[in-house]
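Taking it in order: structure first as C-alpha cells, then the write-up.
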Amino acid sequence: MRGSTIRRGFRFRLLAFAAAAWLVVSSHPTATDGPEATEPTAEDRIAALRGEGRYAEAMEVARTILAERLADATVPEWQLGDARRLVRTLETATDLDDTARARLAE
C-alpha cells in the first residue's frame, strides 16, 4: 500500500513538472510570432549566401555584425566570440580554391 502512495506522489510531481515546462515553452515567442518573423536576419542572409557559395559576400555581412557587436557594450561576450569566429571561418572559406569552396557549400 505504501509503495503505491509513493508512486502516485512521484507521478503527480512528474506531471506537474511536465505541465510547468510546457507552459514555459509554449509561452516563449517563436520565429513565426509577430510581424518581425517575416524579415530575414543578418544570420539568415549569411546562411543563404554560404549555401550559394558566395563566401565573400557572406563575410562582409559577418563583418558588419561584428562591428555592430563591438560597438555595443551590452553584447554578451559569447555573442562577440561567435561573430569573431564566423568572420574567421568565412575568411578561411574565401581563401579556398573554387573547387573546395563549391564542396564546402554543399
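The structure displayed is predicted, hence computed values, not measured ones.
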query = Roughly how far, to the nearest 0.5 Å, is OG1 of Thr74 from CD of Gln79?
reply = 9.0 Å
task = Would you check if Leu86 and Met59 make a side-chain contact, meaning some heavy-atom pair closer than 4.5 Å?
result = no
query = If you measure from CG on Leu66 to CG on Asp82, what distance do you get to the nearest 0.5 Å?
reply = 11.0 Å
inquiry  = I'd like to know if Arg45 pairs up with Glu39 as an ion pair, taking the criterion as any Lys NZ or Arg NE/NH1/NH2 lying under 4.0 Å from an Asp or Glu carboxylate oxygen.
reply    = no
message = Salt bridge or not between Arg88 and Glu91? Use side-chain N to carboxylate O under 4.0 Å.
response = no
ask   = Of the non-hydrogen atoms in Ala100 and Asp97, which two are nearest, and what is the gap between them?
value = N-OD1, 2.7 Å
query = Hey, any chance Ile65 and Leu70 share a hydrophobic cluster, counting ILVMFWY side chains that come within less than 4.5 Å of each other, even indirectly?
reply = no
key: Hphob cluster co-occupancy, Tyr55 + Ile46, side-chain heavy atoms under 4.5 angstrom   = yes
task = Compare all side-chain heavy atoms of Leu90 with those of Arg50 and state whether any distance is below 4.5 angstrom.
result = yes
request  = Determine whether Asp72 and Arg69 make a side-chain contact, defined as any pair of heavy atoms from C-beta on separated by less than 4.5 Å.
outcome  = no
query = Regarding Asp95 and Thr92, is there a side-chain donor-to-acceptor distance under 3.5 Å anywhere?
reply = no
Polar side-chain atom of Asp44 near backbone of Thr41 as donor-acceptor pair, under 3.5 Å = yes
inquiry  = Hydrophobic cluster membership, with links at side-chain heavy-atom distances under 4.5 Å among I/L/V/M/F/W/Y: are Leu96 and Leu49 in one?
reply    = yes
ask   = What's the spacing between Arg54 CZ and Arg101 CZ if we round to 0.5 Å?
value = 13.0 Å
